[in-house]
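Computation of the quantities below employed the complete heavy-atom set of this structure, encompassing side-chain atoms and omitting hydrogens, waters and symmetry-equivalent molecules. Order of the sequence lines sets the chain letters (A, B, ...), proteins ahead of strands, with each chain counted from 1.
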Amino acid sequence: MIEYLHLRRRLIDRISSIWIVLSVMLLLLLPLAIGLGLAIESLPIVKAFPLRALLTSSDWSPMEGKFGFYTFIISSVWVTAIAFVLSAPVCILSAIYLTQYAHARVLYIMNLIIDVMAGIPSVVYGVGGVLVVVPFIKDNLAPLFNINSSGYSVLAGGIVLAIMSIPYMLNMLIDIFKGMSLEIKEASLSLGANVWQTVKFVLIRKGSSGIVAALGLGISKSLGETIAVLMVVGNVARIPQNMFQPGYPLPALLANNYGDMMSIPVYEAALMFAALILFLIIMLFNVFTNILIYKQTKE
Amino acid sequence: MKKRSIEEQFFLWLMRFTTASIIMVLSGLLFVIFKKGYHAMSWAMISEEPQGGFYLGAGGGILNAILGSVYLSVGAIILAILVGLPVALAMNVHMVRYKIWVTVIRFLLDTLWGVPSIVYGAFAFGIMVYFHLRASLLAGIITVALLIVPIITRAFDEALRTIPNGLLETTYAIGGTRSEASFVIFFRQALPGLITAVLLALCRGIGDAASVLFTAGYTDHVPQRLTDPTATLPLAIFFQLSSPIPEVKERAYAATLVLTIIILVISILSRIAGRRFKKYVL
């Protein structure tokens with residue numbers, strides 16, 4: 001009996017080890033599989049056109065066999081830049097307030113709010129954007145600059161993205177400011193600096209790489225966001241001249257064109273190429289920001 | 001002397017303003033969703049499948065999308081746990097002595113965490129085209145599972161990391177095997193964190209639209225088999241909102257309200273569950 005129990009335990013241990021090894025391998029291979037899969041799928045277009053032409057041409061007419069991604073890349077840059085400019089200062093200032101000045105209860109409530117904001121699906125933000133941001137731009141903001149706008153614009157996309165990236169950036173910034181050692185803060189305060197001077201001259205410098213990482217995380221989130229942006233950005237394949245004009249970011253291009261791409265094989269490859277660009281840029285961003293985060297937490 | 005305290009006061013008010021503005025944005029969003037959705041809400045919306053002419057404003061509801069989303073995300077969660085739990089346990093039990101490998105996996109998970117769902121969707125769709133598969137519930141489940149595996153594994157890992165190492169040594173000392181250390185001791189100790197992680201991943205699964213846009217298809221019926229296509233709530237909102245007919249648009253608002261309430265309930269549940277199961281923790 002004891003022999004049997006012993007064998008059983010060893011068997012369970014062996015089986016669970018195999019399960020664990022398989023799972024770890026699967027997870028390690030996932031990014032490689034995605035990268036390779038997308039690369040293989042996009043081979044036809046890379047073979048047919050030189051890489052430079054694909055990235056710098058703004059001529060997008062798949063039916064005539066012209067594939068230039070420049071317009072979409074620029075649109076992505078527009079919405080991401082607007083989102084960054086709007087959300088980064090708000091997040092940094094709020095994180096400083098919550099960790100250095102505010103009562104612990106305020107921080108607790110704010111953590112709840114961050115959780116809720118991070119949990120709300122992007123399509124809900126999109127609906128909010130269509131209901132509030134788009135009419136606001138059309139009726140209030142654009143006339144202020146004497147511009148005619150339908151409201152569906154890169155600015156609308158940027159505003160929605162800014163709101164969506166707040167929970168991620170803010171959460172990380174709070175972690176960074178909370179993680180800094182109390183001693184350096186106390187040293188600065190005992191030298192006669194007030195809290196704001198301590199923040200400005202000590203904490204921000206000490207946490208600089210972490211702050212950059214948090215902002216980078218926000219950017220990579222904005223670059224890949226699809227549905228919410230798709231709903232408010234207008235989806236016109238022309239380079240936006242100002243922020244009240246519609247744009248057509250890369251994820252929106254992917255989401256809009258899957259259905260009818262089956263007729264032309266190069267078209268499918270072109271969309272896979274767009275996905276590959278997106279994947280590579282965001283992976284690069286994430287590797288960079290994570291290196292910074294690991295550095296910061298080691299300190 | 002005066003100047004620096006004026007500067008501090010200025011920034012203090014600015015910081016208060018930005019913090020308040022975040023709270024206002026969230027409450028404003030919820031207010032708009034509830035106000036718009038409340039008018040279009042009815043019992044038929046959440047209890048019936050779409051009837052003929054639904055997309056022209058005729059009767060019916062979005063039961064197909066609600067159930068579709070539930071099936072899809074629950075299936076994906078189960079798959080993700082099957083892969084994610086052993087990896088997280090391995091990182092904290094089996095591989096404690098291989099610190100570098102643990103760091104490598106953690107780094108990889110953090111990097112994958114930010115890959116957008118549309119990329120997963122494109123990848124899965126590429127594979128489906130390659131093997132000539134049709135959009136189905138199963139394909140959707142697998143795609144969403146790929147998407148949430150890094151998230152759920154990393155959250156599991158964070159929960160398991162808080163367990164003191166002495167517990168592992170104690171388990172070995174009384175003659176426990178590695179699998180007992182992980183699946184009995186560590187699993188039970190981290191249970192509150194694990195449940196929270198599962199519920200948060202469920203939120204992601206229900207709310208994600210871009211990854212299932214091409215892999216799960218769309219249908220007016222509740223899926224019966226894994227090979228059936230399925231509707232999802234976010235896509236139902238997305239398609240109905242782009243309709244020019246006011247009644248259909250109204251229904252999109254109601255569907256948004258349903259989705260928002262589901263997400264809010266799950267977030268609250270995850271908080272309660274996290275607290276409830278704390279009593280088993282040493």
Side-chain angles (χ1 to χ4, degrees), chain A residues 9 12-13 16 19-20 23-24 26-28 30-31 34 37-38 41 90 93-94 96-98 101 110 113 115-117 119-124 127-128 130-132 163 166 194-197 217 220-221 224-227 231 251 254-255 258 268 271-272 275 278-279 282-283 286-287 290 294, chain B residues 4-5 7-8 11-12 14-16 18-19 21-23 25-26 29 32-33 36 83 86-87 89-90 94 107-108 110-112 114-119 122-123 125-127 129 146 149 153 177-179 183 200 203 207-210 213-214 234 237-238 241 252-253 256 259-260 263-264 267:
Chain A
R9 281 178 65 198
I12 290 175
D13 198 43
S16 74
W19 179 25
I20 282 171
S23 307
V24 172
L26 192 77
L27 211 60
L28 287 175
L30 183 59
I34 295 176
L38 291 177
E41 292 278 336
V90 171
L93 286 172
S94 301
I96 293 171
Y97 175 70
L98 291 167
Y101 291 94
M110 209 56 198
I113 287 173
D115 282 355
V116 171
M117 278 181 91
I120 291 178
S122 65
V123 73
V124 174
V127 172
V130 170
L131 285 175
V132 181
I163 295 169
I166 281 176
N194 62 22
V195 181
W196 176 250
Q197 283 174 320
L217 189 83
S220 96
K221 271 273 156 206
E225 182 46 52
T226 312
I227 295 289
M231 287 163 83
L254 276 169
Y258 268 113
E268 192 208 325
L271 291 176
M272 286 297 168
L278 207 58
F279 177 69
I282 288 174
M283 277 304 259
N286 289 349
V287 167
N290 278 310
Y294 276 64
Chain B
R4 65 172 206 177
S5 60
E7 186 185 330
E8 176 161 42
F11 276 102
L12 193 53
L14 196 64
M15 287 187 281
R16 283 192 184 126
T18 58
T19 311
S21 70
I22 293 175
I23 300 173
V25 163
L26 177 65
L29 177 72
V32 169
I33 299 292
K36 274 278 181 185
V83 177
V87 174
L89 286 169
H94 295 67
F107 190 87
L108 191 79
D110 280 341
T111 329
L112 274 177
V115 172
S117 57
I118 188 87
V119 171
F123 171 64
F125 186 72
I127 289 178
V129 170
L146 287 180
V149 152
T153 311
T177 59
R178 279 186 308 187
S179 62
F183 288 100
L200 290 182
C203 271
D208 195 72
L213 199 45
F214 317 108
I237 296 168
F238 180 64
L241 195 68
Y253 303 142
T256 314
L259 180 60
T260 312
I263 297 292
L264 287 179
S267 323

Rounded distance (nearest 0.5 Å) linking atom [atom1] of [X] with atom [atom2] of [Y]:
X	Y	atom1	atom2	value
A/E41	B/F123	CD	CZ	9.5 Å
B/C203	A/I120	SG	CD1	10.0 Å
B/I118	A/L254	CD1	CG	5.0 Å
B/F214	A/L271	CZ	CG	9.0 Å
A/M110	B/T19	CE	OG1	6.0 Å
B/S5	A/Q197	OG	CD	9.5 Å

Does any part of the side chain of [Y], heavy atoms only, come nearer than 4.5 Å to the side chain of [X], both counted from C-beta?
X	Y	value
B/M15	A/W196	yes
B/T18	A/Y97	no
A/N286	B/D110	no
A/V124	B/I33	yes
B/T256	A/V123	no
B/D208	A/P121	no

Check each atom of [X] against the heavy atoms of chain B and say whether the ones under 4.5 Å are side chain, backbone, both or neither.
X	answer
A/I282	side chain
A/V195	both
A/V90	both
A/L28	both
A/I163	side chain
A/I96	both
A/I113	both
A/V132	side chain

Side chain / backbone / both / neither for [X] at chain A, heavy atoms under 4.5 Å:
X	result
B/V115	both
B/L89	neither
B/L200	neither

If you tally heavy-atom pairs under 4.5 Å against chain A, which of [options] wins?
options	value
B/G126, B/S117, B/S267	B/G126
B/P116, B/P234, B/P86, B/G207	B/P86
B/L108, B/L213, B/V25	B/L108

- Message: The test is side-chain contact (heavy atoms from CB on, under 4.5 Å); show your working for A/M117 and B/L29 and say whether it passes.
- Response: CA-CA 10 Å; A/M117 278 181 91; B/L29 177 72; over 6 Å; no

- Item | Partner set under side-chain hydrogen bond (donor to acceptor under 3.5 Å, both in side chains) for B/S179, not counting sequence neighbours |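 B/S179 satisfies side-chain hydrogen bond (donor to acceptor under 3.5 Å, both in side chains) with A/D13, B/T177 once adjacent residues are dropped.
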
- Excluding sequence neighbours, so at least two apart, what forms side-chain hydrogen bond (donor to acceptor under 3.5 Å, both in side chains) with B/E8?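 Scan of B/E8 (side-chain hydrogen bond (donor to acceptor under 3.5 Å, both in side chains), adjacent residues dropped) gives A/Y101, A/N194.
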
For chain B, which candidate among [options] shows the most heavy-atom pairs at distances under 4.5 Å?
options	result
A/L27, A/L38, A/L278	A/L27
A/I12, A/L26, A/I34, A/I166	A/I34
A/L217, A/V116, A/V287	A/V287

- Query: Parallel, tilted or perpendicular for B/F107 and A/Y294, by the 30°/60° rule?
  - Reply: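 If you compare the ring of B/F107 with that of A/Y294, the planes turn out perpendicular.
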
- Where B/I263 and A/G119 come nearest, the two heavy atoms and their spacing: CG2-O, 3.3 Å

- Evaluation steps, side-chain contact (heavy atoms from CB on, under 4.5 Å), between B/L241 and A/V127: CA-CA 8 Å; B/L241 195 68; A/V127 172; 4.1 Å; yes

